[in-house]
Amino acid sequence: MLPARATALYESASKTVLCLDCGDGRGVGDSAVRGLAGRSARREYEKRSDAREARIRANHPKIGGLLLAVSEEPQHIRAWDTGARGEERLGQRLDQLDGVARVLHDRRIPGSRANIDHIAVSSSGVYVIDAKKYTGAPTRRTTGGLFSPTVEHLFVGSRERTKLVDGMEWQVQQVELALGSIETTVRVRGMLCFVDADWPLIGGSFRIRETDVLWPKKAAQLIGAAGSLTNAEVDRIHTNLARIFPAA
């Protein structure tokens with residue numbers, strides 16, 4: 001039962017009421033408010049995988065099971081599983097910051113079909129984090145020079161992935177707008193966190209435009225750095241962000 005005058009959210013996916021003021025053990029608690037990392041990607045993967053299995057069994061009643069056993073799922077289906085596993089692994093690492101940061105996983109952006117993988121709030125600010133499970137070494141390359149504008153590009157291995165930076169900047173903007181709506185002045189920092197990339201033994205992380213490109217342990221170190229926000233301010237920002245960006 002919810003306490004009187006508690007702030008709460010109704011989560012339609014699970015048909016549960018999430019108490020945003022119950023982090024001390026009352027009601028559903030902080031774990032429910034936090035959300036489940038990779039939940040929407042995992043749900044999408046299972047939906048597509050199940051649909052493929054049903055289609056193959058319907059088209060081949062006698063050998064459908066054999067075909068499923070000897071064939072691989074198409075890449076466009078496996079990509080959802082890969083993405084979910086990346087978010088889940090990063091989510092586990094961020095959850096270890098309990099006591100240092102408050103986190104939110106897999107949040108819907110109102111008015112959009114896009115999700116934010118993770119949001120962390122600590123004394124040093126608000127962090128918007130996108131988990132990527134790519135192989136290859138992330139690098140920053142620069143074009144332009146003396147007579148043309150300097151442009152930074154993100155590569156992972158041999159593939160250009162600059163659109164990931166564009167997407168992260170848009171996500172940061174959405175969080176900044178949300179914080180502005182509650183009259184909170186706080187730094188919002190974007191992170192592209194590559195879970196399985198080929199990072200060098202020394203160094204490796206970098207910033208491109210205003211986005212950090214790094215790995216889970218490095219992200220946790222930056223999030224956990226000392227800052228000026230009080231615990232009360234961290235809790236208030238976390239509660240408001242959970243309300244504005246509901247669990248996906």
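What you see is a predicted model, and the numbers here were worked out from it, not measured in a lab. Heads up: numbering here begins at 1 and tracks the sequence.
Summarising the geometry, atom OH belonging to Y127 is positioned 12.0 Å from atom CG belonging to L94; distances are rounded to the nearest 0.5 Å. Here the straight-line distance linking atom OG1 of T82 with atom CD of E87 works out to 11.5 Å at 0.5 Å rounding. Between atom CG of residue L192 and atom CZ of residue R161 there is a gap of 11.5 Å, rounded to the nearest 0.5 Å. Separating the CZ atom in R159 from the CZ atom in F155 is a distance of 12.0 Å, to the nearest 0.5 Å. For the atom pair D235 CG and E233 CD, the distance stands at 10.5 Å (nearest 0.5 Å). The structure places CZ of R78 at 11.5 Å from OG of S49, a figure rounded to the nearest 0.5 Å.
Under the 4.0 Å criterion applied to side-chain N and carboxylate O atoms, D95 and R34 are assigned as salt-bridge partners. Of the charged side-chain nitrogens involved, at least one lies within less than 4.0 Å of a carboxylate oxygen, so that R42 and E88 count as a salt-bridged pair.
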| field | side chain to side chain contact (heavy atoms under 4.5 Å, CB included) evaluation trace for L222 with M191 | value | CA-CA 10 Å; L222 291 179; M191 292 179 166; 3.8 Å; yes

| said: Would V165 and W170 count as a side chain to side chain contact (heavy atoms under 4.5 Å, CB included) here? Give the steps. | reply: CA-CA 9 Å; V165 182; W170 181 79; over 6 Å; no

| task | Step by step, work out the side chain to side chain contact (heavy atoms under 4.5 Å, CB included) result for I116 and V128. | result | CA-CA 7 Å; I116 296 175; V128 181; 3.8 Å; yes

| query | Which is it for V121 and L241 under the side chain to side chain contact (heavy atoms under 4.5 Å, CB included) test, yes or no, and what are the steps along the way? | reply | CA-CA 9 Å; V121 187; L241 289 176; 4.0 Å; yes

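Among residues two or more places apart in sequence or in another chain, the salt bridge (charged side-chain N to carboxylate O under 4.0 Å, His left out) test is passed with E46 by none.
Side-chain contact between F245 and R108 is absent, with no heavy-atom pair separated by less than 4.5 Å. F194 is not listed as a side-chain neighbour of P216, based on a closest heavy-atom distance of 4.5 Å or more. By the 4.5 Å heavy-atom criterion applied to side chains, I237 and L179 are counted as neighbours. When side chains are defined from C-beta on, R102 counts as touching V234, because their heavy atoms get closer than 4.5 Å. Taking 4.5 Å as the limit, every side-chain heavy atom of E176 sits out of range of all side-chain heavy atoms of V126. The side-chain heavy atoms of I244 and S181, taken from C-beta on, include a pair separated by under 4.5 Å. Looking at R89 and D196, their side chains come closer than 4.5 Å, going by heavy atoms from C-beta outward. In this structure the side chain of V103 never reaches within 4.5 angstrom of the side chain of I129, judged on heavy atoms.
Smallest separation of non-hydrogen atoms from R52 and L68: NH1-CD2, 3.7 Å. Closest approach of V186 and G125 over heavy atoms only: CG2-CA, 3.9 Å. Minimum heavy-atom separation, G144 to S148: CA-OG, 3.3 Å. Scanning all heavy atoms of the two residues, the minimum distance from A248 to N115 falls at CB-ND2, 3.4 Å. Across all non-hydrogen atoms, the minimal contact from G227 to S123 is N-OG, 3.0 Å. Between V100 and G224, the shortest heavy-atom contact is CG1-CA, 3.6 Å.
Heavy atoms of other residues, nucleotides or ligands lying less than 6.0 angstrom from CG of N231 number 12 at most.
Looking at T230 and R236, their side chains never bring a donor and an acceptor atom within 3.5 Å of each other. If you check the side chains of T143 and H153, you find a donor sitting under 3.5 Å from an acceptor. Side-chain atoms of H118 and D130 form no donor-acceptor pair, as typed in the model, at a separation below 3.5 Å.
The main-chain N or O of I208 is never found under 3.5 Å from a side-chain atom of R140 such that the two would form a donor-acceptor pair. Although no hydrogens or angles enter the test, the distance criterion places a donor-acceptor pair under 3.5 Å between the side chain of S122 and the main chain of I223. A donor-acceptor pair under 3.5 Å links the side-chain atoms of D117 to the main chain of A131, judged by distance alone. Listed for the D106 side chain is a donor-acceptor partner under 3.5 Å among the backbone atoms of S40.
Applying the ring-ring contact (aromatic ring centres under 6.0 Å, His included) rule to pairs touching residues 35-69 yields nothing, sequence neighbours excluded. The side chain to side chain donor-acceptor pair (under 3.5 Å) contacts involving residues 208-227 comprise D166-R209, E169-R209, R189-D212, R207-D212, where partners must be two or more places apart or lie in separate chains.
I63 and I56 fall within the same hydrophobic cluster, defined by Ile, Leu, Val, Met, Phe, Trp and Tyr side-chain heavy atoms under 4.5 Å apart, directly or through other members. Put simply, W80 and L90 are part of two different groups of oily side chains (I, L, V, M, F, W, Y) that touch within less than 4.5 Å, one to the next. M168 is connected to F206 through a chain of hydrophobic side-chain contacts under 4.5 Å among Ile, Leu, Val, Met, Phe, Trp and Tyr, so both are in one cluster.
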